Every structure is written in structure tokens, then in C-alpha cells.
A.B. asks: 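Pasting a structure here, questions to come.
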Amino acid sequence: MLFSSVLASLHLAAATLAPGESLRAPPFVARRLAEGVYAVMGDTGRGSEGRPNAGFIVTREGVVVIEALASPRQGEALLRTIRGVTRQPVRWLVLTHHHPDHTFGAIVFRRAGAKVIAHPDRQMLASEGGEDALVADWVRVMGLDAMRGFEFADTPDRPVTTSDSLLLGGRTIVISHPGAGHSAGDLIVWLPKERVLFAGDLLIEDGVTMVVDGSARDLERGLAKIDSLQPRVAVPGHGAIPARPGDLVARTRAYITGLESNMRAAIEKGVPMRRALASLPPADESRPVSLNSRRRRNAARVYVEEERDYMGLEDSTR
Ligand SMILES: [Zn+2]
């Protein structure tokens, strides 16, 4: 489907809604992490395939939302969840990166008056076929109904490329770029007083963070950054909040450094990529972020990274 026809059908679908009907999506459950700080848990136990986690911070001068979720319908459900806690206006939407499952609900928050804080680099593998193909693919994943009213809304009003402190209603919210571990446009959100971290997809409940749009080296740097913050609570991009944040960081690090040394050893022995990957289960067709797919796709990415490093080449893919 062409972009224009995808968008046309999304608008057509939106036009058939009765006023207020779009807010029918039932709210999610908000979990209080600290005074005025909430996590909205997505699907747990499904790794990167489930609905991501989100969050919001209530201040005297408005609400800061973290993540927009995967579709306008999910965005509306998140907004309703926030409305169940506070009537404060939503001032800011922070996006931890630009993958569709975290951003395709953003238009809902823009329409509610929020400005967007994000990294300006929106580059990702899935968008290489163009935005039309990305939307068409996503409509197939989410269904036309969930995508009614969709527009791209993830370009930042307030871009963050290093670090930025948002001071709002007596709260301090530090938004920083921990390197391009999971994607070029990664951000993490840190509340220094409450010691709560929203880690985006740097952390996934099963420890297998995807580096296909980023790099293993940067992921390691990002994990070191998280360790240095010593969070009391770390909300991963997907899945359950770990009892001890350091355990999930350690598990993620063990996975990625293990993969690096395996691929490095293969390269040093002259083993071609195909054989270096032979011990891994095949990627699941049509499930690009299943555990098997993540492990295999990461291995291919890290092989290339290590090969370039071994040959003393600059990594031109970054
Ligand atoms: Zn992601």
C-alpha cells in the first residue's frame, strides 16, 4: 500500500468516529514508583514483542509523559490512564527512541497540547524502505482500527543530543543520550531525587537488548552509565521491572560482551559469519524482534562490528 493511500484510509477511518469515541480505549494500570511518579506497564513476559512500558510524572505545573506507545489507540489509553490520576495538563512527551512501538501514539499527546522531547536522529533499519512502507507494515501489525488518526509526531520540539534537565513544578528530570546502543536516537530519563530511571530499550526484561540499530560498544557504555546512577528503580523498555536494577544491567552486559567475544574469536580464526552464526537458532520469520530473531540479528550486527574493529576500520555504519 502506498503511503498516501495508507494515510487516506487512516483519516477516513478517523472521520467515521463519533465525537469522543476515539477515547473509548480502556485505560491501563498505573503503578506508583515514587510520589507523583508512575510506570504504566506493558506486556510482561513477551520480551520486545509486547506493548512497551511507559511512564508519567505529575508536577504542580503539568505532566511529563515518557513514551507514546505503538498506536493512537494505545496513546489514547495511556492518556486516559493519566487522566485517572491527575487533571494537570500534559506539557511534555519524552520519547526514549524512535522505534514505532514507542512513538506511533505520539500524535495523541501532541493533540492534547504536549511538546516532544526526543533525540533528533530518527534513523532506523525499519524505515529504510521509506516512511510509507514503515506505516503500511505497522498497520499490518497493529490493525487499521488501532491506527485510526495516525500522523508522525516524533520529531522533537526540544531535541536532546547530550543531556538536558527539565525543571518543572519543583521537579528535576534529567534526559540524556547514553550513546547509540539500541538506536541512534536513544535517550534515558532519570529522576535524581527519586532515583527512578526510565531506561527505554537499553534494558529489556530478558536481557537481550537489540543492537541492530545501534552498537554493542555503545550499549556497554550505556549500561555503565546506568550502573553509575545506581537507580532504586529501573523501568525497562519492555517487561517486568527488575527487583534489583543492577541484576538486569549485569545480565544484559553478560549477554552482549559474551556475544562480542564469541564473534571476535570467530573472526580471529577466519570463520565466516554464516558459520559463526550456525550454533544460534534461526530467526523467526515474520517475528523480527522475537528472542531468536534478536539473538541472531544481534550476532550478525556484532560480527560486522568486530570485523571492522579487527581490520582497524572506522565503523561506517554509525
Ligand atoms: Zn526499540
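Atoms within a ligand are numbered from 1 in the order they appear, just like the ligands themselves. Numbers for residues simply follow the sequence, beginning at 1. All values below were derived from every heavy atom in this structure, side-chain atoms included, with hydrogens, water molecules and symmetry-related copies excluded. Everything numeric here is computed off the predicted structure, so don't read it as measured data.
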A.B. asks: Would you say that more than 12 heavy atoms from the other residues, nucleotides or ligands in this model lie under 6.0 Å from the CZ of R295, or not?
C.D. replies: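 Open.
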
A.B. asks: Are any N, O or S atoms from D101 nearer to the Zn ion (ligand 1) than 2.8 Å?
C.D. replies: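 No, D101 does not qualify, because none of its backbone or side-chain N, O or S atoms lies under 2.8 Å.
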
A.B. asks: Mind checking whether the Zn ion (ligand 1) has an N, O or S of H97 under 2.8 Å?
C.D. replies: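 Of the N, O and S atoms in H97, at least one lies under 2.8 Å from the Zn ion (ligand 1), which means yes.
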
A.B. asks: Would you mind naming the N, O or S atom of D201 nearest to the Zn ion (ligand 1)?
C.D. replies: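 That would be atom OD2.
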
A.B. asks: Could you pull out the atom name of the N/O/S atom in H99 that is nearest the Zn ion (ligand 1)?
C.D. replies: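 Atom name returned: ND1.
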
A.B. asks: Just say parallel, tilted or perpendicular for the rings of Y38 and F56, cut-offs at 30° and 60°.
C.D. replies: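 Ring orientation of Y38 relative to F56: parallel.
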
A.B. asks: Evaluate the ring planes of H102 and H97, with Trp represented by its six-membered ring, and classify them as parallel (under 30°), tilted (30 to 60°) or perpendicular (over 60°).
C.D. replies: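 If you compare the ring of H102 with that of H97, the planes turn out tilted.
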
A.B. asks: So, taking the atom named CD in E49 and the one named CG in D43, what distance separates them when rounded to the nearest 0.5 Å?
C.D. replies: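 Interatomic distance, E49 CD to D43 CG, rounded to 0.5 Å: 10.5 Å.
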
